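The structure presented is a predicted model; accordingly, all values stated were derived computationally and were not measured. In what follows, chains carry the letters A, B, and so on, assigned in the order in which the sequence lines appear, proteins first and then strands, with residues in each chain numbered from 1.
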2 protein chains.
Amino acid sequence: MESNFGKILVVDDEQDIVEFINYNLKQAGYETATAYNGDEAIRKAEVFNPDLILLDIMMPEKDGLQTIQQLRRNPNLDNTIIIFLTALSDEKSEIEGLKLGADDYIAKPIKPELLLARLRTAMRRLKKDEEQGNKIVFGDLEINKYKFTVSYKGEEIILAKKEFELLNLLASKPGRVFLRNEILQKVWGTEVIVGDRTIDVHIRKIRQKLGIDVITTVKGVGYKFEME
Amino acid sequence: MESNFGKILVVDDEQDIVEFINYNLKQAGYETATAYNGDEAIRKAEVFNPDLILLDIMMPEKDGLQTIQQLRRNPNLDNTIIIFLTALSDEKSEIEGLKLGADDYIAKPIKPELLLARLRTAMRRLKKDEEQGNKIVFGDLEINKYKFTVSYKGEEIILAKKEFELLNLLASKPGRVFLRNEILQKVWGTEVIVGDRTIDVHIRKIRQKLGIDVITTVKGVGYKFEME
DNA sequence: TATTTTGCTTAACAATTTCGTAATGTTATT
DNA sequence: AATAACATTACGAAATTGTTAAGCAAAATA
């Protein structure tokens, strides 16, 4: 069943545990998939695209630590939450795991209420991150990477790709001056070569579309973003 | 025998399995019917009107995936729960199945206790679903993940599978921009390679069928779902 | 089984938007 | 005032998307 609670991938080599967890998650309304080893987990994660992965830390062949490293390499799983399942004994692994990018861990034996509580929290945070974490707010001005829009006093302003990227770069560090070279590198990349006036033209369009003065010229140096 | 436990249709091409499951279900107090292939399942489902269908994913001729699509189109089977029976090996089918609206799956070989436990959960959830309805609503627009249909102001609009999956993906996170690559990965999968115009054409059909502007193009980036 | 219908993809072309440049005007600094 | 750096404008090429029709495979129907 597709649900709006979220999608969870359960990974453990012990079938009983997987089924036990799976049962509880389903009942709680989550959409689930399962895997019984690291490789299977990696394959399924790509297709299933879970919001969260419950990953056993101790598995034969490829263990959880190795698995998580590979999972993290997949850009699509960037903001997938990974929670480790650990036996109480392996304390070292726990710490290792968190270092490697697990967001949390849950100790076995697993108590359903605790598990679900943790998941609810994690999911709530995920939603917040996805919707708000990708946006920068300066007073009435909002730059939303998630929606790829900019809005001023609630009005949506549509910027072209380059314009958006440029504004976004400047706004990422308000007050700081970006050299023209720097801007070229970060927005256009190292390979593309464009004339110097190109930047100006885009700056102009941004200023025009926004209607407010947030980009300041620093003559002979570059540009910076500044509110007021 | 009339029973208040619920009605279950068992579908598998292997007679032994059907009889084994059937025996266990009867014993547990369920009212059952059986079918040995997809077409028979579809016919019997219409007459028998089961609360739940146990459906083998691997069958000759019409397999479980095809069968489920047809079943879901039948309005009478709106909130019939479908549970897949899978051999542990067929992972792809499993995921496809979940995408297509199976509610759960049970791995063979089947253990009666596990089967019954799952059924109890599923039946309990049935009531919940009936109350909540399995759809996402945006104003006058309703996306029903069960029936694979969309309706606008009460009018039912039938989308093809790809169209539905595409709309559903975009609508799953309203406002958020999905990159073309992302769309390809999530709707078509990592293995399938299709031309770039393919997405556009599907987007076009969705826009055409819906008649309203809910999909916004973000040039050079992707598409997003937005009401108003 | 034969026939019709539907769904998916592609290719070709049209329409649109974006982007970069050149030409020219403006501003700040010396 | 002279000069260098930036602003503005308009235009055309390039990139991107929209649209249509057609071919093929799969599914539905008779």
- Want to settle it: does A/Val221 or A/Lys161 sit nearer the 5' end of DNA chain D, counting the closest nucleotide to each?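 Its nearest nucleotide being more 5', the pick is A/Val221.
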
Could you tell me the separation between the [atom1] atom of [X] and the [atom2] atom of [N], rounded to a whole number of Å?
X        : N      : atom1 : atom2 : result
B/Ile158 : C/dT5  : CD1   : P     : 16 Å
B/Asp200 : C/dC13 : CG    : P     : 17 Å
B/Lys162 : C/dT10 : NZ    : C1'   : 14 Å
B/Ile203 : C/dG7  : CD1   : C1'   : 17 Å
A/Arg204 : C/dC19 : CZ    : C1'   : 15 Å
A/Lys205 : C/dG20 : NZ    : P     : 12 Å

[X]: which residues meet the side chain to side chain contact (heavy atoms under 4.5 Å, CB included) condition with it, sequence neighbours left out?
X        : result
B/Val201 : none
B/Val221 : A/Phe148, A/Lys161, B/Val177, B/Leu179, B/Val218
B/Val194 : B/Leu184, B/Trp188, B/Val192, B/Thr198

Measure from the side-chain N and O atoms of [X] to the backbone N and O of [Y], and report whether any donor-acceptor pair falls under 3.5 Å.
X       : Y       : result
B/Asp51 : B/Lys7  : yes
B/Glu40 : B/Tyr36 : yes
B/Thr80 : B/Pro50 : yes

Going by the rule side chain to side chain donor-acceptor pair (under 3.5 Å), which residues pair with [X] if we only count those two or more places apart in sequence or in a different chain?
X        : value
B/Glu226 : B/Thr216
A/Glu155 : none
A/Glu142 : none

- Task: Answer yes or no: does atom NZ of B/Lys209 have more than 12 heavy-atom neighbours from other residues, nucleotides or ligands under 6.0 Å?
- Result: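 Yes, because the 6.0 Å sphere around NZ of B/Lys209 holds more than 12 heavy atoms from other groups.
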
- Message: Counting only heavy atoms not in A/Ile212 (residues, nucleotides, ligands), do more than 12 fall under 6.0 Å from its CD1?
- Response: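 More than 12 heavy atoms, drawn from other residues, nucleotides or ligands, come within 6.0 Å of this atom.
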
- Contacting residues from residues 206-217 of chain A, given that a heavy atom lies under 4.0 angstrom of DNA chain D: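 The answer is A/Arg207, A/Thr217.
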
Any [X] side-chain heavy atom under 4.5 Å of [Y] side chain:
X        : Y        : result
B/Phe84  : B/Ile68  : yes
A/Asn22  : A/Lys26  : yes
A/Leu167 : A/Leu210 : yes

- Task: Give the angle between the helix axes at the two ends of the helix from C/dT1-D/dA30 to C/dT30-D/dA1, taking five base pairs at each end and rounding to 10°.
- Result: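 For the helix from C/dT1-D/dA30 to C/dT30-D/dA1, the axes at either end differ by 30°.
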
- Message: Below 4.0 Å from chain B heavy atoms, what is the first contacting nucleotide of DNA chain D and what is the last?
- Response: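 Nucleotide range with atoms under 4.0 Å of chain B: D/dT16 to D/dA28.
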
- Would you please confirm or rule out a distance under 4.0 Å between OP1 or OP2 of C/dT9 and any side-chain N or O of B/Trp188?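 Yes, because at least one side-chain N or O of B/Trp188 sits under 4.0 Å from OP1 or OP2 of C/dT9.
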
- Note on the structure: Nucleotide by nucleotide, nucleotides 21-30 of chain C touches protein heavy atoms under 4.0 Å in the pattern (B base, S sugar-phosphate only, - none) B-B---BS--

- Query: Which ones in residues 168-176 of chain A lie close to DNA chain C, meaning a heavy atom under 4.0 Å from one of its atoms?
  - Reply: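 Heavy-atom cutoff 4.0 Å gives no residues at all.
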
- Query: Among pairs that include at least one residue of residues 169-187 of chain A, which meet salt bridge (Lys or Arg N to Asp or Glu O under 4.0 Å), considering only residues two or more places apart or in two chains?
  - Reply: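 Checked against salt bridge (Lys or Arg N to Asp or Glu O under 4.0 Å) - neighbours excluded - the pairs reaching residues 169-187 of chain A are A/Arg176-A/Glu182, A/Arg180-A/Asp196, A/Arg180-A/Asp200, A/Glu182-A/Lys186.
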
- Begin with the C-alpha distance, continue with both residues' side-chain angles, and end with the deciding distance and a verdict on salt bridge (Lys or Arg N to Asp or Glu O under 4.0 Å) for A/Arg72 and A/Asp103. CA-CA 12 Å; A/Arg72 282 298 182 214; A/Asp103 298 272; 3.3 Å; yes

- Message: Any base atoms under 4.0 Å from A/Phe164, or only sugar-phosphate, or nothing? Heavy atoms, all strands.
- Response: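 No contact at all - A/Phe164 keeps every heavy atom at 4.0 Å or more from the nucleic acid.
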
